[in-house]
Amino acid sequence: MQGLDKNSILGILIIGIILFGWLYYSTPSTDELQKQKRYQDSLALLETKLTPPDTVQQKVNDTTLVASAEPDSAALAKQDSLVRANKAETFGSFAGSTEGKEEFLTIENDFMVLTLSTRGGRITDVQLKEYLTWKKTPLHLFTKDSSYFGLELVTDKSQFNTNDLYFTPSGPSFKVTGNESKSFSMTLQAGEGKHLRYTYTLKGNDHLLGFDIQLKGMETVIPKNQGLIDLHWKQATPWLEKDLKTQKQYTTVYFKYPEEKSDYLSESSDDSLSLGAPAEWVAFKQQFFSSILVPASPFDKQGAFVSSYSGIDSAGVKKLSAVLPIAYKHQPIEDFKMQFYFGPNHHKLLESYEKGFESVIPLGWGIFGWVNEFLVIPIFNFFDGFGWNYGLIILLLTIILKILLFPIAYRTYLSSAKMRVLRPELSEITKKFEGKSPMEKQQAQMALYKKAGVNPLSGCIPVLLQLPILFALVKFFPASIELRQQGFLWADDLSTYDSVWDFGVIPVIHTVYGDHMSLFAILMTVSTLLYTYSNSQLMGQNEQMPGMKYMIYIMPVMFLPFMNNFSAGLSYYYFLANMITFGQTWAMRFVVDEKKLHARIEENKKKPVKQSKWQKRLEDMQRQRPGSTRKK
């Protein structure tokens, strides 16, 4: 490492900080790893609580097997009698609802088509009319075979789920538009004066669906010691986006406790959790779309349970599940009012409901989230209001951010210019102390900096101040539904990677680089290398920092595999930012007169040296080092 001076070490340190920050920000936290362990510990409990048996069919099958050896009419009569007896014992007042024909009805508004089934009385399908999958097929948040929704009812003799029973609809399918609103109910009969009813209320121009549960006469059916009714809700989320890996990374369960910010299960690994407080809402969140269930009063925390795991077939992404307890007070009539949200993860839309739904959009933690929420999103939404192409909007966003960061860029350049002016004197010091103690060389350099009034670290701090915007945009672009399926130049979808060559799975290459070639990622890398080269020539880094000669070119290439799978919008932004920075640097070269700057530094050398506390502390440390030649 001959020639590796303090500036070389400083440069390596800055690159290390940036790389460490990148890795730290993009890898699972300790909490997420602990959540993954909790998932492994509670997997058995998950299967027990969230997979109730199909009681009706099992009872019928058992009875049929017993009676199949007697084919005569007496045997058939005996079989029917056994079936009825088993149903009466298992379902009690609901025995009459165990048989029926499954029918499907639809309720539709301006934004979505909801399919309801008489079996379970539940929503079996939600189609969002304004969106398509990446294969250009109708977009369904979930379907009948990939979802489960029902109340777990406990009687004196058995336990069963309403998902297995047949409801009676209140009318035919319908469609509403505009401000029009209409209700539709599904009723589960339990004898005279007894029923369980789901009522769905749909408004024409809203993504919210009213959902009311009414229990009438159930106080004589449900035992007095049962103060909670568990609502079981499951979805196997479908493959909707081009990049399945990224969609999986952004799919999980969110939940919100009263007076607290929302929380969520791990996105990067399987996870499950027993909720520690009543939940104001629970969301099955996908990359760009969500299903959110909101009770009028928070769900009870006793037995509340949520999970997210990937152990499903290749057609799906993740399996999201929840057990949500509802307090039951054994009154003659009890109503539990709720709402569903089915729709896009659009920040402005979710924020308009004033329930904290917008928190399901991962904008980043701490300062990174603030940068997105209060700077990037308002600028983006302003230009989006003009209906312009998103490639142009990203260009304008980049220009504005670079203007805001220009004072920092100017301070960085000015600091570099001062170092260039001092380069001949620094070179003399290097020659003078060649073969001597590095400490003496550093002391001589510090003395020169003090006389000239130059802080060698002043160029590093502005660079670090730009990192919040850098990391904020890493979160913004993959989570921005506005960019979904919006094309620009050769990219057909700015929310995911662009590809000019899909070369498939090639061993080793696929592991390191992927199965495609992103042109925006390549342009970003090339522009970074060109800027790095021109900057090193301008700053003279090849002379002053020979140890960094190759490192500064290796780093952009190392990041290329990461960017190859990132959002095309993000790579496009970095490409634009590099080119604008390149232009700013060359423009400032003509604005900053280095001759005048040198004259000013020479004047500073004549002034008395004012030593800062930091410099004094550094010198005291140097004096205390063994072998120091400085006197106390």
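In this chain, residues are counted from 1 in sequence order.
The heavy-atom pair separating Phe111 from Asp206 by the smallest distance is CE1-N, 3.5 Å. A pairwise comparison of heavy atoms in Pro478 and Leu473 identifies CD-O, 4.3 Å as the closest pair. Scanning all heavy atoms of the two residues, the minimum distance from Ala283 to Ile292 falls at CB-CG1, 3.6 Å. Taking both residues in full, the closest heavy atoms of Ala279 and Pro295 are given as O-CG, 4.0 Å, listed atom of the first, atom of the second, then distance. In terms of heavy-atom proximity, Leu202 sits nearest to Leu208 at CD1-O, 4.1 Å. Scanning both residues, Pro258 and Pro278, for their nearest heavy atoms gives CD-O, 2.9 Å.
Between the side chains of Asp493 and Gln485, not a single donor N or O lies within less than 3.5 Å of an accepting N or O. Counting only N and O atoms by type, the side chains of Ser183 and Thr201 include a donor and acceptor under 3.5 Å apart. Side-chain atoms of Ser290 and Tyr254 include no donor-acceptor pair closer than 3.5 Å. For the residue pair Ser308 / Asp271, no side-chain donor-acceptor distance below 3.5 Å is found, with atom types taken as modelled. Of the N and O atoms on the side chains of Asp243 and Tyr250, not one donor lies less than 3.5 Å from an acceptor on the other residue. In summary, the side chains of Ser117 and Glu102 do present a donor paired with an acceptor at a separation below 3.5 Å, with no hydrogens or angles considered. Residues Glu108 and Thr106 have side chains that never bring a donor and an acceptor to within less than 3.5 angstrom of each other. No side-chain N or O of Asn109 forms a donor-acceptor pair with one of Asn205 less than 3.5 Å apart. In this model, no donor atom of one side chain and acceptor atom of the other lie less than 3.5 Å apart for Glu351 and His346.
One distance of note links OG1 of Thr177 with NZ of Lys203; it measures 12.0 Å at 0.5 Å rounding. With values rounded to the nearest 0.5 angstrom, Leu228 atom CG is found 4.5 Å from Asp300 atom CG. Distance check: Ser173 OG to Phe184 CZ gives 6.5 Å after rounding to the nearest 0.5 Å. Atom CZ of residue Phe340 and atom CG of residue Leu293 lie 4.5 Å apart, to the nearest 0.5 angstrom. Interatomic distance, CD1 of Ile213 versus CE of Met186, reported as 14.0 Å (0.5 Å rounding). Interatomic distance, CD of Glu358 versus CG of Asn345, reported as 11.5 Å (0.5 Å rounding).
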Item checked: Step-by-step side-chain contact (heavy atoms from CB on, under 4.5 Å) determination, Gln286 to Leu141 -> CA-CA 9 Å; Gln286 303 182 49; Leu141 289 182; 4.1 Å; yes
Next item on the list: May I have the step-by-step check of side-chain contact (heavy atoms from CB on, under 4.5 Å) for His330 and Lys224, ending in yes or no?
Entry: CA-CA 7 Å; His330 296 274; Lys224 294 293 184 181; 4.2 Å; yes
Margin query: Quick one, Trp370 with Leu375, criterion side-chain contact (heavy atoms from CB on, under 4.5 Å). Give me CA distance, side-chain angles, the key distance, then yes/no.
Written below: CA-CA 8 Å; Trp370 301 338; Leu375 178 62; over 6 Å; no
Next item on the list: Step by step, work out the ring pair (Phe, Tyr, Trp, His ring centres under 6.0 Å) result for Tyr390 and Phe380.
Entry: CA-CA 9 Å; Tyr390 286 98; Phe380 191 88; 5.8 Å; yes
Next item on the list: List the steps and the verdict of side-chain contact (heavy atoms from CB on, under 4.5 Å) for Ile123 and Phe211.
Entry: CA-CA 11 Å; Ile123 302 169; Phe211 175 60; over 6 Å; no
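Judged by distance alone, the side chain of Arg119 and the main-chain N or O of Gly100 form no donor-acceptor pair under 3.5 Å. A donor-acceptor distance shorter than 3.5 angstrom exists from the side chain of Lys242 to the backbone of Tyr497, with no hydrogens or angles considered. Listed for the Asn179 side chain is no donor-acceptor partner under 3.5 Å among the backbone atoms of Gly204. At distances below 3.5 Å, not a single donor-acceptor pair connects side-chain atoms of Ser480 with backbone N or O atoms of Phe477. Checked by atom type and distance alone, the side chain of Lys319 never pairs as donor or acceptor with a backbone atom of Lys234 at under 3.5 Å. Checking side-chain atoms of Lys318 against main-chain N and O of Glu267 turns up a donor-acceptor pair under 3.5 Å. Remark: the backbone N or O of Phe284 is not paired with any side-chain donor or acceptor of Ser291 at under 3.5 angstrom. A donor-acceptor pair under 3.5 Å is absent between the side-chain atoms of Thr124 and the main chain of Ser147, judged by distance alone.
In this structure the side chain of Leu240 never reaches within 4.5 angstrom of the side chain of Phe288, judged on heavy atoms. At least one side-chain heavy atom of Ile107 sits under 4.5 Å from a side-chain heavy atom of Leu209. For the pair Ser359/Lys256, no side-chain contact is recorded, criterion being any heavy-atom separation below 4.5 Å from C-beta on. Counting heavy atoms from C-beta outward, Lys475 and Leu363 have side chains that stay 4.5 Å or more apart. Contact check for Phe476 versus Val371: no side-chain heavy atoms found under the 4.5 Å cut-off. With a 4.5 Å cut-off on side-chain heavy atoms, Leu139 and Leu132 do not count as touching. Leu275 has its side chain out of reach of Phe299: every pair of non-hydrogen atoms, C-beta onward, lies at least 4.5 Å apart. Contact annotation: the side chain of Glu334 approaches that of Lys329 to within less than 4.5 Å [non-hydrogen atoms, C-beta and beyond].
No salt bridge links Glu482 with Lys348; every basic N to acidic carboxylate O contact stays at or beyond 4.0 Å.
Checked against Glu241 for a side chain to side chain donor-acceptor pair (under 3.5 Å), the options Gln287, Arg484, Gln247 give a single hit: Arg484. Partner Tyr198 forms a side chain to side chain contact (heavy atoms under 4.5 Å, CB included) with one of Leu116, Leu188, Leu151 and no other, that one being Leu151.
Using the six-membered ring where Trp is involved, Tyr148 and His232 have ring planes that are perpendicular, over 60° apart on the 30 and 60° scheme. Using the six-membered ring where Trp is involved, Phe255 and Tyr257 have ring planes that are tilted, between 30° and 60° apart. Ring geometry for Tyr341 versus His207: interplanar angle of 30 to 60°, hence tilted. Taking the six-membered ring where tryptophan is involved, the planes of Trp388 and Phe386 are essentially parallel, since the angle between them stays under 30° and well short of 60°.
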Indicate every side-chain donor-acceptor pair of residues 189-197 with a distance under 3.5 Å to a residue at least two apart or in another chain.
{"residue": "Lys194", "atom": "NZ", "partner": "Thr220", "partner atom": "OG1", "Å": "3.3"}
{"residue": "His195", "atom": "NE2", "partner": "Gln214", "partner atom": "OE1", "Å": "2.9"}
{"residue": "Arg197", "atom": "NE", "partner": "Thr187", "partner atom": "OG1", "Å": "2.9"}

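More than 12 heavy-atom neighbours from other residues, nucleotides or ligands sit within 6.0 angstrom of CZ on Phe104.
Judged as a ring pair (Phe, Tyr, Trp, His ring centres under 6.0 Å), the pairs with a partner in residues 114-134 (not counting sequence neighbours) are, in order, Tyr131-Phe289, Trp134-Trp239.
Taking the ring centroids of Phe142 and His140, they lie at or beyond the 6.0 Å cut-off.
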